[in-house]
Peer 1: 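Handing you this structure, nothing more for now.
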Amino acid sequence: MNSTVLAVRELTKKIGRHSIVNEVSFEIRRGEIVGLVGPNGAGKTTIIRMIAGLIAFTSGDIEINGYCIKKDMERALASVGGIIETPQFYNHMTGYQNLQLHARIYPDASIDIGQTLKRLELEEAMFKKVSSYSLGMRQRLGLAQALLHKPGLLLLDEPTNGLDPDGIHDLRHLLKDMRSSGTSILISSHHLTELDLICDRILVIRKGALCGDHFLQELRSVTAKDGYLLEVDEAEQAVRAVAEFDPALRPQHKERGVLEIRMERERIPDLLGHLHNRGIAVYQIKKETTSIESYYTLLAGQKESVGESARGDVS
Ligand SMILES: Nc1ncnc2c1ncn2[C@@H]1O[C@H](COP(=O)(O)OP(=O)(O)OP(=O)(O)O)[C@@H](O)[C@H]1O
Ligand SMILES: [Mg+2]
């Protein structure tokens, strides 16, 4: 059985002569949670909107459950649900009524509005007008709408926007639950640590091009292997001293006097000795653990080569 739920092939979107998405290709298998990351304006929302059939693309192809979105849009989108940017609702209607209206799009699906709203902790609010909902409640209602017809592919563009810590925690569990029942999820977010907790795979987009596609399990062993964080008193001075020790180390200056250095463990004592001789105090050294963040930083260092052949070249 073919387990590919979504196949995106050389997807390109041009506006005028400017390509905002350029030959992006990837696949998502059944039950996979895939994170889409990249700087503001990289093209994440545009990619998700094209997959959701909300905007046309210039060239390439999108196939969902074997149906080509261009030739057979209705069948391709029948099993897709999503929230893309801020979900829009009728304010003068209740949450329940909004979902009743939405349910009409799926006459063949078995839908339980009350149960879906309960799952999103909107039991108490479901008969109140949406105008009285907070931002987080609207976001939950958006998720309920996305899940209503039990989609096989869920598209989530920054779904944690406006959610409180409880909401983020609940969303994480909800998505993991959905994965175990076979739903595939494409989720864009700027919260790398959050993605680290839920994703199986990560796609990195820069300037409209795919520049990284990796399984997190693989990344954890690659990025955490040689990455160390050093807390120092004089960060700028420390960067110069590390470069003097070995220019190839190229330390990254992170926040609050923290340097990120990739090197073999065996070299740590020599480096610390060198920093000490230069009068730089090191207060702490620890191994990196957040794999997506270190992967992202690593790719950021290679951004000049984006769009050439940087796909999957982390190791
Ligand atoms: N309708 C449009 N007309 C012109 N340019 C557009 C249009 N929609 C998007 N763009 C441009 O396409 C690029 C990608 O935008 P997109 O919204 O996909 O980025 P993003 O990765 O989702 O960013 P963010 O992290 O800020 O949400 C941006 O440079 C944006 O200005
Ligand atoms: Mg966006």
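Counting starts at 1 for both ligands and their atoms, in listed order.
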Peer 1: Identify the closest protein heavy atom to atom 5 (N) of ligand 1: which residue and atom is it, and at what distance?
Peer 2: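 For this ligand atom, the closest protein heavy atom is I15 CD1, 3.8 Å.
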Peer 1: Is H18 near ligand 1, meaning one of its heavy atoms is under 4.0 Å from it?
Peer 2: no
Peer 1: Could you confirm whether T45 has any N/O/S atom lying under 2.8 Å from the Mg ion (ligand 2)?
Peer 2: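 Within the cut-off used here (under 2.8 Å), T45 does place an N, O or S atom near the Mg ion (ligand 2).
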Peer 1: How far is atom 11 (C) of ligand 1 from its nearest protein heavy atom, and which residue and atom name does that atom have?
Peer 2: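 Checking every protein heavy atom, the shortest distance to atom 11 (C) of ligand 1 gives I20 CG2, 3.9 Å.
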Peer 1: To the nearest 0.1 Å, how far is atom 13 (C) of ligand 1 from its closest protein heavy atom, and which atom is that?
Peer 2: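 Answer, as residue, atom name and distance: G41 O, 3.5 Å.
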Peer 1: Assess E158 for proximity to ligand 1: is some non-hydrogen atom of it under 4.0 Å away?
Peer 2: yes
Peer 1: Considering non-hydrogen atoms of the protein only, which is the closest contact for atom 26 (O) of ligand 1, and what is the distance?
Peer 2: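 Result for atom 26 (O) of ligand 1: N40 ND2, 2.9 Å.
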Peer 1: Go through ligand 1 atom by atom and flag the ones less than 4.0 Å from a non-hydrogen atom of A42.
Peer 2: 19 (O), 20 (P), 21 (O)
Peer 1: Is a side-chain donor or acceptor of D157 paired with a backbone partner of S188 at a separation under 3.5 angstrom?
Peer 2: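 It does not hold such a pair.
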Peer 1: Considering only non-hydrogen protein atoms, determine which one is nearest to atom 16 (P) of ligand 1 and report residue, atom name and distance to 0.1 Å.
Peer 2: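 The closest one turns out to be T46 OG1, 3.6 Å.
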Peer 1: Quick one: do K70 and D61 satisfy salt bridge (Lys or Arg N to Asp or Glu O under 4.0 Å)? Show the steps, please.
Peer 2: CA-CA 8 Å; K70 268 189 196 160; D61 197 8; 5.6 Å; no
Peer 1: Return the residue, atom name and 0.1 Å-rounded distance of the protein heavy atom closest to atom 17 (O) of ligand 1.
Peer 2: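 Atom 17 (O) of ligand 1 sits closest to the protein heavy atom T45 CB, 3.7 Å.
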Peer 1: Got a salt bridge between E158 and K44, using NZ or NE/NH1/NH2 to carboxylate O under 4.0 Å?
Peer 2: no
Peer 1: Just jot down the ligand 1 atoms closer than 4.0 angstrom to any heavy atom of H190, in number order.
Peer 2: 25 (O)
Peer 1: Any protein heavy atom sitting closer than 4.0 Å to atom 31 (O) of ligand 1?
Peer 2: no
Peer 1: Within the protein, is there a heavy atom lying under 4.0 Å from atom 7 (C) of ligand 1?
Peer 2: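 For atom 7 (C) of ligand 1 the answer is yes, since some protein heavy atom falls inside 4.0 Å.
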